[in-house]
Amino acid sequence: MYRYKTDLNLDLTLSSGQCFRWKKINGSWHGVVRGFEEFVYREGKYLVFENSEEVIFNNIFYEYFDFSTDYGKILKTLSNDENVQNYVEKNGKLAILRQESFETLISFIISACNNIPRIMKIIDNLCKNFGENNAFPSPEKLASLTVEDLSVIRAGFRADYIINAAKAVASKEIDLEYLEKSDTETVRKELMKLKGVGRKVADCTLLYGFHRLEVAPVDRHINRIFERLYPNGLPECFEEYAGVAQQYLFVEESGVWTAS
DNA sequence: AGCCAGGGTCTGC
DNA sequence: GCAGACCATGGC
């Protein structure tokens with residue numbers, strides 16, 4: 001067990017539609033990160049990581065929950081917009097998780113024209129059927145499958161997209177490791193070469209899988225709230241951290257989470 | 001039964 | 001570049 005002092009709102013962060021493998025069971029969040037299974041819950045001013053010792057925490061969860069990023073500074077910048085300021089005050093501090101790029105890419109290919117509970121179910125099926133020890137399956141593993149093999153996960157028309165993307169990544173036709181060091185516009189253009197990846201899925205992969213905080217994915221909810229709140233364009237203070245602002249707005253508009 | 005879900009592709013203009 | 005049909009599935 002490892003305890004880490006932080007004011008991160010765990011419920012808000014894990015249910016804000018950026019990740020799909022965390023589930024709250026008996027007050028404790030259960031998830032799998034880089035193949036490591038963990039239970040996390042809040043106890044006063046601390047988050048408790050049940051299965052982790054200090055080394056595991058430092059190697060996996062410190063990075064994953066983005067504890068090295070100064071969100072105080074980011075939220076101070078975004079507080080120049082009163083809508084975001086109100087949501088931060090009401091809901092608390094959320095982090096943009098540092099998820100693995102391949103998992104993020106496939107997850108958001110699955111998200112197309114889909115709802116969050118079913119996205120979670122399909123990804124759960126994917127990991128149970130094709131992942132090693134409940135981990136997210138590797139590009140090589142998914143690249144070896146056929147659409148018929150994938151039918152057990154009930155992904156529908158997305159099955160073909162998943163396999164094609166996995167093949168492109170496994171063959172380094174799309175080199176995710178290399179893209180890590182590329183500028184945002186290059187990554188976006190490369191990702192959009194994949195079938196099933198348009199602007200929105202590419203931007204979700206950029207924000208959640210490549211941690212490009214300046215990228216704000218625009219789905220139906222965000223499009224609606226942008227048009228309502230900012231008909232004349234987004235506030236200047238969004239620039240660098242539009243992805244973080246977008247996350248607070250998404251939570252409000254989509255109703256994925258309500259403060260209790 | 002019909003509508004909706006963190007979209008994207010393909011075709012035709 | 002933009003509109004519209006279509007894509008597979010499940011919950012309500």
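- Look at CG on L206(A): it is 15 Å from C1' on dG6(B), rounded to the nearest Å.
- For a distance-only test at 3.5 Å, the side chain of E253(A) fails to qualify as a donor-acceptor partner of the base of dG6(B).
- Side-chain atoms of L142(A) and L145(A), non-hydrogen and from C-beta on, do get closer than 4.5 Å to each other.
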- Between protein and nucleotides 7-13 of chain B, map the contacts as a letter string: B base, S sugar-phosphate only, - none, heavy atoms under 4.0 Å, written 5' to 3'. BSS----
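- Within the 4.0 angstrom heavy-atom criterion, no nucleotide atom of any strand lies near I119(A).
- Summarising the geometry, the separation between CG on D203(A) and C1' on dG6(B) is reported as 12 Å, rounded to the nearest angstrom.
- A ring-ring contact (aromatic ring centres under 6.0 Å, His included) with Y4(A) is found for exactly one of Y41(A), F57(A), Y64(A), namely F57(A).
- Taking the P atom of each, dA3(C) and dG6(B) are spaced 23 Å apart, rounded to whole Å.
- Separating the CG atom of N125(A) from the P atom of dG10(C) is a distance of 10 Å, rounded to the nearest angstrom.
- Across every non-hydrogen atom of W22(A) and E38(A), the tightest pair is CZ3-O, 4.2 Å.
- Remark: C1' of dG6(B) and CH2 of W257(A) are 19 Å apart, rounded to the nearest angstrom.
- Taking atom C1' in both dT9(B) and dG10(C), the straight-line distance is 22 Å, to the nearest Å.
- Summarising the geometry, the separation between CD1 on I162(A) and C1' on dC7(C) is reported as 14 Å, rounded to the nearest angstrom.
- Checking N91(A) against E252(A) by side-chain atom types alone, a donor-acceptor pair falls below 3.5 Å.
- Shortest non-hydrogen contact noted between P137(A) and F130(A) is CB-O, 3.5 Å.
- Between the side chains of T184(A) and E214(A), at least one donor N or O lies within less than 3.5 Å of an accepting N or O.
- Between I123(A) atom CD1 and dG6(B) atom C1' the separation is 12 Å, expressed in whole Å.
- Under 3.5 Å, the side chain of R118(A) and the base of dT9(C) form at least one donor-acceptor pair of N or O atoms.
- Follow the hydrophobic side-chain contacts under 4.5 Å out from F102(A) and you never reach I60(A); the two are in separate clusters.
- Among the heavy atoms of the strands lying under 4.0 Å from Y208(A) is at least one base atom, whether or not backbone atoms are also near.
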